[in-house]
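All remarks here apply to the structure that follows.
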Amino acid sequence: MTMPPMVAPAVPRGVTARRPLDVRSVRLLPSGRWGRWQERNAEHTIPHCVEQLEVSGVLDNLRRVVGESDADYRGFVFADSDLHKTIEAVAWEIARSSTTRWDPWLDDVIGLLARVQEDDGYLHSWIQGVHPEKRFAELEWTHEMYITGHLIQAAVALSRAAGRDDLLTIARKAADLVWRTFGPGGREGIGGHPEIETALVELFRHTGEERYLTLAALLVDRRGHGLLPTGQFGADYFQDHLPVRESTDATGHAVRQLYLNAGVTDVLLENGDATLTPALAAQWRSAHERKMYLTGAFGSRHRDEAFGDDYELPPDRAYAETCASIADLHWAWRMMLLGSTNPDGDEPTPTKPSASQQTGSLREPSPGAEATTSEPSGAASPSFPHQSASIPTPSACADIIERELHNALAAAVDVTGTRFFYSNPLQLRADHHSEENAPRNRRGWYECACCPPNLARLHAQLGAYLASSTDTALELHHYTDADIDLPAHLGDGTLRMRTRYPDDGVVILTLDGTLKPGAAIAVRIPAWSAHTTVGYGSTEPTLDGYHRVTLTRGVPVRLTLDLTPRWTAPHPRIDASRGCLAVERGPVVYCVEQIDLPEGADLDDLRVDPAVPPHDSDPADDPRLAGAPTITVSGFVDPPSSSALYRSTTGTPHHPQSGTARSAHSEERAGDEFIAHSSAGEDENGAIHGATHPTAGRHVDVVAIPFADWGNRDSAAMRVWIPER
């Protein structure tokens, strides 16, 4: 077939405020963080996933259906989806690097899928090979539509990236079966695990067949009407408790909710159904303002892999599934495509530091300083019927994506690219015992192996999320070493971005080409950057969170973001972290590991001193930490005064040493030590009583490392939220 005009994971046909870039026009360089991730993915993660498809039985499950294997079925009922996600990862790697390494493997597995697929399009190895009587009979559990969704996404990606349609033929047969079975006039069924919705929209975008968009919208409209038998989990586990337009709270299984939201946004992008907007905006606020971990993770309950209540965010029992952050990234990107480009229009005020925090004094240009002209955003773009003042700004969406990529998702894979976390807690206790999907250490694979191939496909398509275009600007949402070809409607040539971000806040932009009159480069000003300069002048973002810069060929422009380490406090309603602080530097969340405490100090006894600002320290000379900057925090190790599990703090007990009375909480400082006085103690039998037992604590300077690097050196204790002294 003729190569499609756009190679990207989401290519709206409808009129949108911004357009994605072709991944072939965005080249992430291995000298930058994102480029190194892609190289590791290509050389290690994708081959590892391909190998594990054999080891885990995924391919044998398909072979046994057609008599090519006598092995027993292995894995969960949705194991086929691991293959589809791996194929999609290979497809995006072909788009990125033009590799032919995987062509024979693709020939093999696509041929296998063609042999297994039934004449009417049905393809599901567990149903076909184990329980054929369950075909479309238990939609809440069998994941038939979910598997078909991942098949469709893999096929569309391969068609776009490599121009081969053999898998697309298989996927369309499967999609057409869903249309005939569940389309207009068919069964009123929905899948227990949303995912097919966004896939069907992308199939419509790729083929132009309206029935796929119609089916996606129909599945969205049917959800929430009690079509699924819910059993012990309840309807909200499946997001079948309320119609989509009435569902304003992110609830139930986190991955399912976030995949559903991505699909609903895709439908809105294409059919302009503005009745979907209020619920999407409310879902966004629920997920990101009340139920998201600091690291960009979601899901506070192991049971049901679910969202919890508002502000229910326990760091040590966080489920924080890797796939949930990936699903949210897909949703955030689509919400960004939905947003307005009009800086003076009806956009909500972005969540940014106050003007006094953002504005730095103007600097006089130093000799030889690069020249630049900067200007506010230009002419307003046309309004779109699906937009609303309640949707997040593009910069807010990019802030979320950045948080997820540099924290939850960066921590989910180790430096080798072959070991993974399924769940990503913000605290590991020294005596934590490994659970199936919450182990102490990263594992090479899981029985439920949704996350490794999901990470592989995400990293292969990373270039798609770096930038986008509007009618008048190339928008830079993220910063890493990259070369970006200008879209033709904005000019010609290549924008070269060079930076050590997020290790360093300086980003150098150089245009090897020419912008058309009225066109500009729009750079995102992150919400966390308290002082930002473009060229030699301080700046603030416009209402949409970006600052427009006009570049001249060959003249570099310097963007400087403030990476001063900072204390971060939790919302006062987050009971599990009340009285604690975390350390952040730019978009990176930091943590403390037991291995970095002095001998004899226990991480559980560490208290940080909020009066002493955290400060940069030298990068650790350890390849397992990827050379990222570390941060030094000041604190005290304050061992418990007794072994009593609970203690009284009432009264004004007599101090046994001085004979004077003290308040319930007091302390003395002597050099680098302090004496903490407690109003409770215990007798030799462990009974609580009112005597005060002073306990000696000592001052310590502790090294904090990026959360992304935790667990690479040691499996001992770790925590992000540290109690204040």
Side-chain angles (χ1 to χ4, degrees), residues 3-28 34 38 88 91-96 152-153 156-161 198-199 201-208 213 262-263 265-270 326-341 381 384 386-387 391-398 400-402 404-405 457-480 482-491 494-495 497 519 521-524 544-546:
M3 288 290 285
M6 177 72 73
V7 180
V11 187
R13 279 179 173 259
V15 178
T16 59
R18 53 191 40 77
R19 304 291 296 175
L21 301 184
D22 192 307
V23 296
R24 297 167 299 184
S25 69
V26 180
R27 293 171 292 284
L28 304 179
W34 285 28
Q38 285 200 322
E88 186 181 352
W92 294 120
E93 178 57 28
I94 292 172
R96 183 187 80 91
I152 291 169
Q153 287 184 311
V156 169
L158 193 60
S159 179
R160 288 176 178 168
T198 195
V201 174
E202 209 59 46
L203 187 58
F204 152 72
R205 290 166 173 166
H206 189 61
T207 65
L213 176 60
T265 307
D266 271 324
V267 169
L268 171 57
L269 281 165
E270 297 303 336
I326 294 174
D328 188 71
L329 186 151
H330 292 318
W331 180 32
W333 178 252
R334 286 156 175 80
M335 291 292 278
M336 179 186 293
L337 296 179
L338 188 68
S340 172
T341 60
S381 294
F384 302 98
H386 49 60
Q387 291 177 353
I391 64 175
T393 62
S395 61
C397 296
I400 293 294
I401 291 174
E402 180 177 62
E404 292 164 344
L405 283 173
R457 71 172 181 141
L458 173 67
H459 282 124
Q461 64 186 234
L462 268 184
Y465 306 114
L466 187 68
S468 62
S469 70
T470 68
D471 291 343
T472 60
L474 174 67
E475 295 179 320
L476 296 182
H477 306 301
H478 305 284
Y479 303 110
T480 190
D483 290 337
I484 306 171
D485 295 335
L486 287 180
H489 71 282
L490 297 177
T494 301
L495 176 68
M497 177 163 46
I521 308 298
V523 295
R524 177 177 63 95
D544 64 358
Y546 291 77

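Positions are given from 1, in the same order as the sequence printed here. Given the structure is predicted, the values throughout are model-derived calculations rather than measurements. These values consider heavy atoms only, across backbone and side chains, with no hydrogens, waters or symmetry-generated copies.
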**OP:** Measure the spacing between CD1 of Ile391 and CG of Leu338 and express it to the nearest 0.5 Å.
**Re:** 4.5 Å
**OP:** Return the minimal non-hydrogen interatomic distance between Ser469 and Pro487, and the atom names on each side.
**Re:** CB-CG, 4.0 Å
Subject >> Counterpart residues, side-chain hydrogen bond (donor to acceptor under 3.5 Å, both in side chains), relative to Thr480 (two or more places apart) >> reply: none
**OP:** Would you indicate whether the side-chain heavy atoms of Leu462 and Val26 approach each other to under 4.5 Å?
**Re:** no
Original post:
With distance as the sole test, does Arg524 use its side chain to make a donor-acceptor pair with the main-chain N or O of His477 at under 3.5 Å?
Top reply: yes
Subject >> Closest non-hydrogen atom pair between Leu476 and Ala467, with its separation >> reply: CD2-CB, 4.1 Å
Subject >> Pro12 side chain near Arg19 side chain, heavy-atom distance below 4.5 Å >> reply: yes
**OP:** Report the residues that fulfil side-chain hydrogen bond (donor to acceptor under 3.5 Å, both in side chains) with Asp266, sequence neighbours left out, ordered by chain and then residue number.
**Re:** Thr198, Arg205, Arg334
Original post:
When rounded to the nearest 0.5 angstrom, what is the spacing between CE in Met335 and OG1 in Thr393?
Top reply: 10.5 Å
Subject >> Donor-acceptor side-chain pairing of Trp92 and Glu88 below 3.5 angstrom >> reply: yes
**OP:** To the nearest 0.5 angstrom, please state how far the NE2 atom of His206 sits from the CZ atom of Arg13.
**Re:** 9.5 Å
Original post:
Which pair of non-hydrogen atoms, one from Asp471 and one from Leu490, has the smallest distance, and what is that distance?
Top reply: O-CD2, 3.6 Å
Original post:
Is there a donor-acceptor contact under 3.5 Å from the side chain of Arg18 to the main chain of Met336?
Top reply: yes
Subject >> Distance-minimising heavy-atom pair for Met497 and His478 >> reply: CE-O, 3.7 Å
**OP:** Evaluate the ring planes of Trp333 and Tyr465, with Trp represented by its six-membered ring, and classify them as parallel (under 30°), tilted (30 to 60°) or perpendicular (over 60°).
**Re:** perpendicular
Original post:
How far does OG1 of Thr207 sit from CD of Glu202, to the nearest 0.5 angstrom?
Top reply: 10.5 Å
Original post:
Which atoms form the tightest heavy-atom contact between Val23 and Ala464, and what is the distance?
Top reply: CG1-CB, 3.6 Å
Subject >> Nearest-0.5 Å distance, CG of residue Leu474 to OG of residue Ser468 >> reply: 7.5 Å
Original post:
Would you call Leu466 and Leu21 a side-chain contact if the rule is heavy atoms closer than 4.5 Å?
Top reply: no
Original post:
Which pair of heavy atoms, one from Ala91 and one from Ala161, lies closest together, and at what distance?
Top reply: O-CB, 3.1 Å
Subject >> Electrostatic pair Arg24:Asp485 at N-O distance under 4.0 angstrom >> reply: no
Subject >> Gap between atom OG of Ser395 and atom CD of Glu402 - 0.5 Å precision >> reply: 11.0 Å
Original post:
Sequence neighbours excluded, which residues qualify as side-chain hydrogen bond (donor to acceptor under 3.5 Å, both in side chains) partners of Glu404?
Top reply: none
